[in-house]
Structure formats: structure tokens, C-alpha cells
Amino acid sequence: MKYIKLIIEFDGANYQGWQTQRSGLTIQDCMSRTISEITGESIKLNSASRTDAGVHALGQVAVFGTDSRLPADTMKRALNARLPKDIRILEAEVLGYEFHPRYRAVKKSYFYLIEKAQKQSVFFHKYTWKIPASLDLGSMNKASELLLGEHDFSAFRGTGCGAKTTVRTIHSITLSRHDYIDFMTVRIQGDFIKIRIEANAFLRHMVRNIIGTLAEVGKGRISPETLTDILASCDRKMAGPTAPAKGLFLERFFTLIVKALILIRSNWFY
């Protein structure tokens, strides 16, 4: 048996997240069914991250084992010919050994897009969180700095999280304001905030709960210094609301494969 690693890009708007579940179509469902149609096998697809319903990805990593003799590049072309248009295989590579991307993770990053509602473009309603108020980016930056490092992030953990430990390490949080996005060869003006978070791992809804809390800071409803108390409380009720899924993108994924470091990068705002 050989193992094929896939780099996947998808628009999560029409799916109930990555992982197969009893109700609703998922990315894993589509991927597994399509791979089985091509190989004639029942396959198990392991991913780097279990994204929530409505969350998007620029570089999801997944691996499956197969006895098929199809080369990786042929597998990539076959998948892209059969998959829905909102799921795309960017890369396919044959591995000579079993590899689970989630357990080999070094770190991963997500970014989130917020757009001021009065300036919202019709093209971004599926990918940004509309907020009517102008957010104080300085206060949000001060608050985000208190989340850096290793902490118990129970206060930002979503219901149903099955993680064995709630301790995570956030390596970086960056917030930036943008007055345009280049889209379809056109520069679309607006008022955008991009929040990027890189950590060794994330709890269920952790990123969205952090975003929701930082938005409350930006609105002046929570002081930046309160983030220390929220962390110490380990109480989800102390933090802000959960930001909508549609503004969240899985961006980068770092994993160790023997001695190689694989880096998946996006070109958004770079």
C-alpha cells in the first residue's frame, strides 16, 4: 500500500465542516466518495484540521492509503474532474509510509476577515463578518498580546470539544487594516480587518471565540486588560461571542515528515 498526501483548497459555505457526521454534507464525505469511485476501494481519509461548518481552507492537508497504481498527478487530475467546483486539489504526492498529518503537526495558522458593514462589497458577503461599528485596532492589538504564549484556553473552547488538554501555545497574532482587496483583477475598496493567529494547535471554536472577544474589545465593550482575567477564569461565559464561521480561513499548515518541513502558504494580503 502507498499513501497519497493531498493539499486541498475549498469554499466551506455549502458544507457542514470537514469531518463526516450523521447529518449534512461534509468535505470529507465528498472527498472519500470521489476517491473511492476512482480507486474502487473503501478508503480512510485523515486530515490535518477538522474545520467547522462554513469555514474555508487554502491549504488543508489530507492523506489516504491505496493499492491503486495511479500516479499522484493522475489522481489529482481525476479528483479535480469529479469533485464539486468548490473543492480543489492543489497538490498530490505519494508517500512511502503511513502518515497522519494531525499527529505530525508542528503548528498551523488561520486568518479571519472582518468588513465594515456600510462599505461591504456584494462579492464578500460569503467570506467576511459584517460589523457596523468602526473597531479600535489599537485596543484589539493590546488585548491580543495577552493571549500570546502557553495558556489554558478553556475560556475560548467551544461546546463539544473533545480535546484531552485545553493548554495551547499561540505563537503569533497579527491584526491589520486594509482599505482594499484585489479581486478578479479589480481593486475593491472597503474597510477590512484581517486577524491572523498561528498556534501549535487549536481547540474547537477557539479561533472564532478569540475573534469574537477581540471584536468586543474593538467596540469598547471589553477592556484589553480584561483578557488576562478571561484566560484565568477558564470560563467560556467570560469571553465574547463566537464569530461567524464564514470569515475564517485555514491558511498554513506545518508538519514534520521525517526530516522535511512542509509549508503551505496563501497569497492573501502578502
Side-chain angles (χ1 to χ4, degrees), residues 6-18 25-27 30-31 48-49 51-61 76-77 79-92 108-141 144 172-198 207-208 210-212 214-215 217-219 241-253 263-270:
L6 304 172
I7 308 300
I8 310 161
E9 180 181 74
F10 60 80
D11 180 333
N14 296 321
Y15 300 93
Q16 296 300 308
W18 169 268
L25 184 64
T26 69
I27 303 293
C30 282
M31 292 288 305
S49 184
T51 54
D52 298 327
V55 174
H56 319 290
L58 300 174
Q60 172 70 290
V61 179
K76 171 186 170 181
R77 292 197 302 270
L79 284 169
N80 283 334
R82 292 169 177 255
L83 285 167
K85 298 305 180 183
D86 48 10
I87 304 175
R88 187 76 177 171
I89 308 302
L90 302 180
E91 297 178 26
K108 64 184 75 173
S109 68
Y110 288 83
F111 71 77
Y112 196 95
L113 295 177
I114 296 173
E115 185 177 10
K116 190 173 181 180
Q118 289 90 334
K119 296 186 177 183
Q120 187 179 47
S121 167
V122 66
F123 296 108
F124 298 129
H125 68 94
K126 289 171 56 180
Y127 308 108
T128 62
W129 181 14
K130 295 189 300 183
I131 295 183
S134 292
L135 301 179
D136 183 343
L137 200 63
S139 295
M140 294 169 71
N141 265 310
S144 69
S172 67
I173 303 180
T174 57
L175 294 86
S176 53
R177 177 165 266 130
H178 304 267
D179 56 12
Y180 66 86
I181 289 179
D182 288 329
F183 177 75
M184 299 291 286
T185 74
V186 176
R187 180 160 291 183
I188 297 179
Q189 303 295 324
D191 187 353
F192 305 93
I193 291 177
K194 177 186 177 183
I195 303 175
R196 181 180 179 278
I197 305 179
E198 185 176 281
V207 178
R208 291 166 57 197
I210 288 175
I211 300 299
L214 292 178
V217 172
K219 295 173 184 177
T242 304
K246 64 180 181 176
L248 185 60
F249 293 76
L250 173 60
E251 180 193 29
R252 298 182 180 183
F253 178 74
L263 169 60
I264 310 305
R265 299 191 62 170
S266 79
N267 294 318
W268 283 65
F269 299 118
Y270 276 55

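Along the sequence shown, the residues carry numbers beginning at 1. Remember, predicted model here, so these are calculated numbers, not experimental data. Atom set for the values below is all heavy atoms of this structure, side chains included, hydrogens, waters and symmetry mates excluded.
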Would a 4.5 Å heavy-atom cut-off, applied to side chains only, mark Leu248 and Ile211 as touching?
no

Straight-line distance of Tyr112 OH to Leu214 CG, nearest 0.5 Å
11.5 Å

Out of curiosity, Glu9 CD to Ile7 CD1, how far, rounded to the nearest 0.5 Å?
11.5 Å

Locate the shortest heavy-atom distance separating Asn80 from Arg88; write the atom from each residue and the value.
CB-NH1, 3.4 Å

Can you tell me how far the CG atom of Asp52 sits from the CH2 atom of Trp18, to the nearest 0.5 Å?
14.0 Å

I'd like to check the side chain to side chain contact (heavy atoms under 4.5 Å, CB included) partners of Pro84; sequence neighbours left out, ordered by chain and number.
Tyr15, Cys30, Asp86, Ile87

Heavy-atom pair with the smallest gap, counting every atom of Asp11 and Lys126
OD2-NZ, 3.6 Å

For atom NZ of Lys219, is the number of surrounding heavy atoms from other residues, nucleotides or ligands below 6.0 Å larger than 12?
yes

Check the angle between the aromatic planes of Phe183 and Phe124 and answer parallel, tilted or perpendicular using the 30° and 60° thresholds.
perpendicular

How long is the span from the CD1 atom in Ile193 to the OG atom in Ser134, to the nearest 0.5 Å?
8.5 Å

Residues passing the side chain to side chain contact (heavy atoms under 4.5 Å, CB included) test with Ser172, sequence neighbours excluded, are Arg196, Glu198

Look only at the side chain of Lys76 and the backbone of Leu90, and say whether a donor-acceptor pair between them is shorter than 3.5 Å.
yes

Closest non-hydrogen contact found for Lys108 with Ser49 is NZ-CB, 3.9 Å

Kindly give the heavy-atom pair with the smallest separation between Lys246 and His125, and that separation in Å.
NZ-O, 3.0 Å

Between Leu83 and Met31, does a side-chain contact (heavy atoms from CB on, under 4.5 Å) hold up when you go through it step by step?
CA-CA 7 Å; Leu83 285 167; Met31 292 288 305; 3.8 Å; yes

Test applied, side chain to side chain contact (heavy atoms under 4.5 Å, CB included); reference residue, Glu115; option that passes from Tyr127, Phe192, Trp129:
Phe192

Rounded distance [0.5 Å steps], CD1 in Ile114 versus CD1 in Ile131:
4.5 Å

Looking at every non-hydrogen atom in both residues, tell me the closest pair between Asp179 and Gln189 and how far apart they are.
O-OE1, 3.1 Å

In this structure, CG of Leu250 is separated from OG of Ser109 (nearest 0.5 Å) by 7.5 Å

Checking Val55 against Val207 for the side-chain contact (heavy atoms from CB on, under 4.5 Å) test, could you report, in this order, the C-alpha distance in whole Å, the side-chain angles of both residues, the deciding distance, and whether it holds?
CA-CA 11 Å; Val55 174; Val207 178; over 6 Å; no

Partners passing side-chain hydrogen bond (donor to acceptor under 3.5 Å, both in side chains) against Asn141 (at least two apart in sequence or in another chain):
none

